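Step one of this worksheet: look at the structure below.
Indexing begins at 1, ligand by ligand and atom by atom, following the structure's order. This structure is a prediction, so every number in the text was calculated from the model and none was measured. Hydrogens, waters and symmetry mates are skipped; everything else that's a heavy atom, side chains included, is used.
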Amino acid sequence: MFRTRFAPSPTGPLHLGHAFSALTANEMAQTMGGEFLLRIDDIDRSRSRPEWEAQIYDDLNWLGLSWPLPARRQSDHLAAYTRTLNLLWDRGLLYPCTCSRRDIAEAVSAPQESPRVGPDGMVYPGTCRPEIPPKGKVPLDTALRLNMRRALAAVSTLGCLEPLSFKETGAGPASETGLITLDPDALVHDVGDVVLARREMGASYHLSVVVDDAAQEITHVVRGQDLFAATAIHIVLQRLLDLPTPVYHHHRLIRDENGKRLAKRDDARALATYRAEGKSPEDIRHLVGL
Ligand code: GLU
Ligand code: ZN
């Protein structure tokens with residue numbers, strides 16, 4: 001079954017960009033006789049609020065969208081993420097990291113090197129990476145990073161000779177489309193050892209999104225171009241965990257009149273603001289170019 005999803009985080013109001021994403025995912029599902037799912041990405045407990053979640057349901061209903069109930073909420077599946085972290089830990093692919101943002105900034109600002117920026121900001125310089133994988137129980141009171149080099153080695157010894165790749169039916173920021181093949185060297189140097197669990201949060205976005213998309217049997221991930229670079233991480237995790245890789249459809253970003261990306265705090269373009277001004281769902285479609 002063809003299945004798409006819209007996965008907002010309840011950390012602020014939905015704006016025009018979210019509307020575009022949700023409407024696009026829904027339209028693809030309808031066209032294919034498939035299903036459109038909603039998922040509440042509330043893994044970040046410190047920033048998620050029930051009011052924002054309620055507003056998400058309200059805004060999407062107003063737009064005319066519906067989805068099978070109840071929507072999956074990440075906060076209801078924390079055990080599944082912990083299980084997955086354990087699995088990766090037991091295979092020696094994770095290590096604890098105690099670096100602050102500042103530690104990392106200082107480590108990467110060595111005079112001869114210009115800091116590389118990956119999907120999660122500065123590429124981790126490897127300060128805490130151990131020579132030998134740590135043993136024992138997975139520590140849950142510290143951040144955990146994926147050892148990318150070991151992860152790639154593990155993928156290739158899984159007997160999979162196929163290169164790491166995915167199918168893109170939308171486009172990345174540099175118009176990447178079609179079959180996208182990942183370069184292992186780029187994964188090591190330009191993505192690096194990403195965080196899979198945060199200290200106070202448990203699973204990170206990358207880990208939870210991969211677990212969730214598989215659990216919900218999503219066949220087509222529709223989302224903004226800003227997440228194109230992160231897809232490489234998701235493909236590596238899917239291979240490691242023996243999960244299917246969906247088709248990806250990264251869409252253009254909705255910008256304000258100055259060409260700036262809309263941000264969560266950009267209340268002026270919140271759907272609720274447009275509603276309060278008397279705009280209709282049809283007006284919203286026009287505003288985002290649908
Ligand atoms: N929850 C993420 C966000 O709001 C989107 C996740 C995804 O579509 O993969 O940015
Ligand atoms: Zn560290």
Side-chain angles (χ1 to χ4, degrees), residues 3-15 17-22 24-26 28 36-45 47-48 52-53 55-56 59-60 71-75 94-108 119-130 134 139 142-148 166 170 192-199 201 203-216 218 220-235 237-238 245-251 253-254 261-265:
R3 211 174 265 122
T4 62
R5 48 68 163 183
F6 175 54
S9 301
T11 55
L14 296 188
H15 55 58
H18 294 105
F20 180 59
S21 207
T24 304
N26 181 62
M28 279 175 67
F36 165 78
L37 303 187
L38 173 68
R39 181 169 77 232
I40 303 295
D41 272 7
D42 61 351
I43 193 79
D44 186 349
R45 306 304 294 146
R47 291 169 60 227
S48 298
W52 293 128
E53 184 179 330
Q55 175 97 51
I56 288 172
D59 284 342
L60 295 180
R72 181 181 169 101
R73 292 158 86 223
Q74 294 186 320
S75 53
L94 304 182
Y95 62 86
C97 170
T98 52
C99 297
S100 65
R101 221 180 270 274
R102 181 145 163 223
D103 294 333
I104 298 174
E106 280 171 7
V108 297
D120 279 341
M122 284 173 291
V123 174
Y124 184 60
T127 320
C128 297
R129 188 194 305 125
T142 164
L144 298 172
R145 288 186 181 274
L146 179 71
N147 185 327
M148 186 59 84
F166 66 96
D193 294 356
V194 290
V195 167
L196 291 193
R198 300 198 183 281
R199 197 156 71 91
M201 195 171 119
S204 74
Y205 159 67
H206 300 301
L207 186 93
S208 55
V209 76
V210 163
V211 170
D212 291 336
D213 285 337
Q216 295 191 289
I218 302 300
H220 289 70
V221 170
V222 178
R223 61 187 181 192
Q225 233 159 44
D226 51 328
L227 288 169
F228 179 82
T231 308
I233 303 166
H234 306 164
I235 306 303
L237 291 174
Q238 288 154 2
T245 291
V247 172
Y248 286 86
H249 186 93
H250 290 93
H251 57 68
L253 300 178
I254 304 294
R261 243 183 82 192
L262 300 183
K264 272 265 161 72
R265 54 198 169 282

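For the atom pair CZ (R72) and CG (D213), the distance works out to 9.5 Å, reported to the nearest 0.5 Å. Interatomic distance, T245 OG1 to I235 CD1, rounded to the nearest 0.5 Å: 4.5 Å. Here the CD1-CD1 distance, from I56 to I40, works out to 4.5 Å after rounding to the nearest 0.5 Å. Rounded to the nearest 0.5 angstrom, I233 CD1 and L146 CG are separated by 8.5 Å.
Every atom of ligand 1 is numbered from 1 in the order shown, and the set under 4.0 Å from a heavy atom of V209 is 9 (O). Near R5, meaning under 4.0 Å from any of its heavy atoms, are these atoms of ligand 1: 7 (C), 8 (O), 9 (O). Those atoms of ligand 1 with a heavy atom of D41 less than 4.0 angstrom away are 1 (N), 2 (C), 6 (C).
For the pair R39 and ligand 1, no heavy-atom separation below 4.0 Å is found. Not a single heavy atom of F6 lies less than 4.0 angstrom from ligand 1.
Contacts of Q74 with ligand 1, taken as heavy-atom pairs under 4.0 Å, are absent altogether.
There is a side-chain donor-acceptor pair under 3.5 Å between D120 and H206.
Under the 4.5 Å side-chain criterion, counting only non-hydrogen atoms from C-beta, C97 is not in contact with T142.
For the pair A7 and ligand 1, the shortest N or O to N or O distance falls below 3.5 Å.
Below 30°, between 30° and 60°, or above 60°: for H250 and Y248 the angle between ring planes is below 30°, a parallel geometry.
Residue Y124 counts as close to the Zn ion (ligand 2), with an N, O or S atom under 2.8 Å.
Angle SG(C99) to the Zn ion (ligand 2) to SG(C97): 120° [nearest 10 degrees].
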